[in-house]
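Below: the structure, in structure tokens.
The sequence lines fix the lettering, A, B, ..., with proteins before strands; numbering per chain opens at 1.
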There are 2 protein chains.
Amino acid sequence: MRRDIFQAIADPTRRAIVMLLAVHAMTPNAMAEHFDTSRQAVSKHIHILLECDLLDQEQQGREIRYHLRADKMKQIEQWLEQFKALMAARFTQLDEVLAQLKSRTNTQTPTNPTTLTTITKARKT
Amino acid sequence: MRRDIFQAIADPTRRAIVMLLAVHAMTPNAMAEHFDTSRQAVSKHIHILLECDLLDQEQQGREIRYHLRADKMKQIEQWLEQFKALMAARFTQLDEVLAQLKSRTNTQTPTNPTTLTTITKARKT
DNA sequence: CACTTGCGCAATTGATCGGTTGCGCTTATA
DNA sequence: TATAAGCGCAACCGATCAATTGCGCAAGTG
């Protein structure tokens, strides 16, 4: 069950839930009222968000209030930062890497590209 | 075919492709060499990224160089900004909305919540 | 002109997704 | 105590996904 935050926010309903919980904690029923889906459907989305550690439970009698762990959202930001760094480096520092990769289009020289591979989290050999 | 950028970057391979193309344009084969998947698999991911207008084609003889449309990445940033705005407003300006939502837990008053609903892009009635 | 290379397209398959339905447990309420 | 409300769990279903395989076409190369 390889579930990351990017998969979590891939679904529009889940993004909406995140937004709702950004305002304040909520019960599943309260969330469900905001959409035209069933409570169970919402509950499933909650489960997925829980798997990503994006939510916290708070039992209150027979109700459960779900809190958003806003700090986890930083994962997205971090990825975006990495991306921006690559874009910025594109014309400056990483000219070498660029050159290497350019000449590499048909050859196999996993020297500097390895760095990039690490960044991109590719599962290369 | 409801395909948005969030779905595009939900897949780790596609995120890696985005990172690769952030450095410079590439042919499908060049990309495929970075992963341990087939060219066709990569090609499919490219297709998905194309659907999201995240890529540009540049035919060069029998090769096709794919360029990243970096500007499209702003969509993610924008969503994150919206999220952050909600988080920031949580304790300040949107106290009213918060109150409304609170009292609304069981009733149906689509007045102010509509604003939020719009933000969260929920498909409510 | 044969042959290889780079690529897209189509069909197939197993896995996962998003949703519904039905059930049962626990906690409130009349 | 009987009833209702809030919720999770499990089974099921149609749709989509990711990847493979096989094919055909256009562009280079001997």
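Comparing Tyr66(A) and Arg14(B) along DNA chain D, the residue whose closest nucleotide (by nearest heavy atom) sits nearer the 5' end is Tyr66(A).
At the phosphate of dG19(C), OP1 or OP2 sits under 4.0 Å from a side-chain N or O atom of His45(A). Taking side-chain N and O atoms only, Asn29(A) has no distance below 4.0 Å to OP1 or OP2 of dA5(D). Between Thr27(A) and dC7(D) there is a side-chain N or O to OP1 or OP2 distance below 4.0 Å. A sub-4.0 Å separation between OP1 or OP2 of dC7(C) and a side-chain N or O of Ser43(B) is absent.
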* To do: Produce a footprint string for nucleotides 21-30 of chain C: one letter per nucleotide, 5' end first; B if the base is under 4.0 Å from any protein heavy atom, S if only the sugar-phosphate is, - if neither.
  => BB----BS--
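Salt-bridge annotation for Lys84(A) and Glu77(B): present, with a side-chain N of the basic residue lying under 4.0 Å from a carboxylate O of the acidic one.
With dG19(C), dG8(C), dG18(C) as the candidates, the nucleotide lying closest to the side chain of Pro28(B) is dG8(C). Closest approach to the Thr13(A) side chain among dC9(C), dC17(D), dG19(C) is made by dG19(C) (side chain taken as heavy atoms from C-beta onward).
Considering every non-hydrogen atom in both Met31(A) and Met26(A), the closest pair reads CE-O, 3.5 Å.
Side-chain contact check for Asn29(B) versus Arg39(B): some heavy-atom pair is nearer than 4.5 Å.
Put simply, CD on Glu58(A) and CD1 on Ile64(A) are 10.5 Å apart, with the number rounded to the nearest 0.5 Å.
Using a 3.5 Å distance cut-off with no hydrogens or angles, the side chains of Gln59(A) and Gln57(A) do not pair a donor with an acceptor.
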